[in-house]
Q: 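One structure, pasted below without further comment.
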Protein chains: 2
Amino acid sequence: MVQAALKKADTESLANFTPRQNAVLEKALGLLVKGGDRALTTARIARAANCSKESLYKWFGDRDGLLAAVVTYQASKVRAPGSGQLPETAEAFRAQLTGFAFDLLSVLSGDVSLALNRLAIGQASKDDAQLGRLVLERGRKVIGLRAGTLLEAGRQRKFIQYDDQQAAFRTLYGLIIRDFHVRQLLGDALDARESDFETQASSAIDQFFKLYGPDKNRAREISQT
Amino acid sequence: MVQAALKKADTESLANFTPRQNAVLEKALGLLVKGGDRALTTARIARAANCSKESLYKWFGDRDGLLAAVVTYQASKVRAPGSGQLPETAEAFRAQLTGFAFDLLSVLSGDVSLALNRLAIGQASKDDAQLGRLVLERGRKVIGLRAGTLLEAGRQRKFIQYDDQQAAFRTLYGLIIRDFHVRQLLGDALDARESDFETQASSAIDQFFKLYGPDKNRAREISQT
DNA sequence: GCCGAACCGTACCGTACGGTACGATTGTGA
DNA sequence: TCACAATCGTACCGTACGGTACGGTTCGGC
């Protein structure tokens with residue numbers, strides 16, 4: 001609901017880039033997904049996008065600027081999924097959490113996400129880790145915000161309870177993602193059961209409610225640490 | 001405390017490499033940790049290790065073989081911590097789980113681990129992802145085995161209960177690591193609370209027991225999914 | 001119809017790196 | 001002492017890439 005507007009901007013002022021530049025970045029993204037950062041050379045991008053290397057340097061400064069632009073472009077494309085309206089019933093709350101878990105699993109397992117994270121992680125060994133910060137800022141943080149508002153809504157309506165929202169979110173994240181992300185980043189493939197994101201998501205949310213759900217018929221000892 | 005044995009094998013037959021080769025690989029590891037894969041050129045390794053490039057190629061074939069050797073070398077150094085003896089009391093079991101969690105957090109947050117994972121992930125976009133498979137095989141799998149025997153011991157003694165050991169392990173892993181690993185891979189720094197691995201570990205194990213612990217005074221509804 | 005800006009395609013430059021070749025050095029067994 | 005193997009240090013080669021330069025083309029404003 002926060003990001004209501006800004007929906008028509010598909011070929012327009014997407015993240016301060018011109019349409020032409022967005023088209024180039026889209027091609028670059030395609031190259032990255034297809035062949036990894038090794039394939040993301042200025043010459044190849046220029047060839048794929050039918051533009052000149054000179055234009056690339058004029059628009060993005062240097063190669064690092066171009067990589068940053070690719071990340072920014074992708075981030076501007078997805079935009080935080082508009083999290084609908086906040087839930088009023090316990091069932092709706094659980095459903096929204098499960099939807100969040102499903103979305104998270106789907107997004108992080110996507111080709112584009114994996115390619116961008118690989119790129120940023122590969123560069124993160126450098127001194128500055130600029131790309132890594134960008135990915136965290138434009139990707140992770142947005143996810144955290146969406147989950148945060150959702151969790152807070154659930155807490156205020158007594159569907160769950162916690163003292164530390166950050167800690168609750170990190171637990172939720174861990175229950176959902178487990179070791180899937182890093183394994184996939186390393187090139188591992190998920191097996192059939194793991195690829196059933198619906199089941200995985202609902203299982204994770206079940207566990208989350210066991211940890212943070214309201215005390216019904218069980219002893220009250222919810223995380224004092 | 002767990003890794004008692006295997007301490008003298010420092011300059012000896014570590015993973016089928018000669019002592020000289022191990023020394024070279026150690027230098028290479030140092031370069032990698034210090035400067036990332038960008039710094040891991042054959043010329044630099046040769047210079048740092050006072051050996052000739054010709055020897056590098058003779059010993060390891062090509063650059064990829066050298067990188068694989070670095071991974072193998074590091075894996076051979078740590079060796080699965082011999083998981084001591086299996087626990088006989090619930091307290092001992094919890095303590096061992098907490099120790100496992102602490103070790104896992106410490107290892108994955110270490111310079112060497114982060115550098116190697118960054119290297120493998122950066123290369124994983126290539127066609128084969130050979131390094132990624134190697135890291136998974138020599139790193140992840142060993143951890144899974146240690147945890148697996150520990151979990152199984154606890155289950156047989158009724159300290160915990162589960163149907164699917166794989167699923168239980170992945171939950172344990174998620175509760176321990178949360179989003180720490182990927183964040184650190186991306187160059188993010190853990191804040192003070194997150195860096196307190198003892199507290200993090202014991203908190204994660206608390207949560208794990210809430211999900212998989214024996215039914216004491218609470219409703220019996222342990223994960224049927 | 002003319003002008004200038006933006007841009008394309010291509011050629012070009014310097015450098016860094018993977019990989020190879022070779023003479024010099026060291027150490028070891030007969 | 002000699003021969004031989006292993007290795008070192010260095011020089012060398014080809015290639016790929018980041019970055020620049022330049023002539024030709026398109027296109028909007030006047």
Side-chain angles (χ1 to χ4, degrees), chain A residues 11-13 16-32 34-71 115 118-120 122-123 125-128 130-131, chain B residues 11 13 16-32 34-71 73 115 118-120 122-123 125-128 130-131:
Chain A
T11 65
E12 207 181 344
S13 70
N16 301 336
F17 297 130
T18 70
R20 176 68 177 131
Q21 290 167 7
N22 280 324
V24 170
L25 293 174
E26 181 63 37
K27 287 286 187 185
L29 203 50
L31 284 177
L32 177 65
K34 194 177 171 192
D37 67 336
R38 190 173 48 89
L40 209 57
T41 73
T42 55
R44 262 191 265 254
I45 295 171
R47 177 106 46 107
N50 287 324
C51 74
S52 66
K53 286 172 65 175
E54 196 171 17
S55 297
L56 290 182
Y57 284 97
K58 183 177 179 183
W59 294 332
F60 306 111
D62 57 6
R63 183 169 185 270
D64 285 346
L66 200 155
L67 298 185
V70 170
V71 172
R118 288 202 186 103
L119 175 65
Q123 306 281 322
S125 46
K126 286 173 54 178
D127 39 10
D128 53 352
Q130 175 202 352
L131 265 189
Chain B
T11 66
S13 68
N16 300 335
F17 297 128
T18 69
R20 175 71 177 128
Q21 290 166 6
N22 281 325
V24 170
L25 293 174
E26 181 62 36
K27 286 286 187 184
L29 203 51
L31 284 178
L32 177 65
K34 194 176 171 192
D37 68 335
R38 191 171 48 88
L40 210 56
T41 73
T42 55
R44 261 191 266 254
I45 295 171
R47 177 107 43 105
N50 287 325
C51 75
S52 66
K53 285 171 65 175
E54 195 169 18
S55 297
L56 290 182
Y57 284 96
K58 181 177 181 183
W59 294 333
F60 306 111
D62 57 5
R63 183 169 185 270
D64 284 347
L66 200 156
L67 298 185
V70 170
V71 172
Y73 164 72
R118 287 202 186 103
L119 176 65
Q123 307 281 321
S125 46
K126 286 174 55 176
D127 40 10
D128 51 353
Q130 175 201 350
L131 264 189

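Just so it is clear: chains get the letters A, B, ... in the order the sequence lines come, proteins before strands, and each one is counted from 1.
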Q: Under 4.0 Å between a side-chain N or O of A:S55 and OP1 or OP2 of C:dC7?
A: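 For C:dC7, OP1/OP2 do not have a side-chain N/O of A:S55 under 4.0 Å.
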Q: Residues in salt bridge (charged side-chain N to carboxylate O under 4.0 Å, His left out) with A:D62, at least two apart?
A: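 By the salt bridge (charged side-chain N to carboxylate O under 4.0 Å, His left out) rule, A:D62 matches no residue at all.
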Q: Which atom names give the shortest non-hydrogen contact between B:G36 and A:S125, and what distance separates them?
A: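 Looking at all heavy atoms of both residues, the shortest contact is CA-CB, 3.5 Å.
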Q: For the side chain of A:T41 and the backbone of A:R38, is there at least one donor-acceptor N/O pair under 3.5 Å apart?
A: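 Side chain of A:T41 to backbone of A:R38: no pair is present.
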Q: Look at B:W59 and D:dT7 and indicate whether a side-chain polar atom (N or O) is within less than 4.0 Å of OP1 or OP2.
A: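 Indeed, a polar side-chain atom of B:W59 lies that close.
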Q: Name all residues meeting the side chain to side chain donor-acceptor pair (under 3.5 Å) criterion together with A:E26; count only those two or more places apart in sequence or in a different chain, and write none if there are none.
A: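 Scan of A:E26 (side chain to side chain donor-acceptor pair (under 3.5 Å), adjacent residues dropped) gives A:Y73, A:K77.
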Q: Identify each donor-acceptor pair in which a side-chain atom of residues 45-61 of chain A lies under 3.5 Å from a protein atom, sequence neighbours left out, and give them as a table.
A:
from, atom 1, to, atom 2, distance (Å)
A:S52, OG, A:S55, N, 3.1
A:S52, OG, A:S55, OG, 3.0

Q: For nucleotides 17-21 of chain C, tabulate all protein N/O to nucleotide N/O atom pairs closer than 3.5 Å, reporting atom names and distance.
A:
from, atom 1, to, atom 2, distance (Å)
C:dC17, OP1, B:R44, NH2, 3.1
C:dG18, OP1, B:R63, NE, 2.6
C:dG18, OP2, B:T42, N, 3.0
C:dG18, OP2, B:T42, OG1, 3.2
C:dG19, OP2, B:Y57, OH, 3.3
C:dG19, OP2, B:R63, N, 2.9
C:dG19, N7, B:K53, NZ, 2.8
C:dG19, O6, B:K53, NZ, 2.6

Q: Using whole Å, what does the distance between atom C1' of nucleotide D:dG9 and atom CZ of B:R47 come to?
A: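 Nearest whole value for this atom pair: 11 Å.
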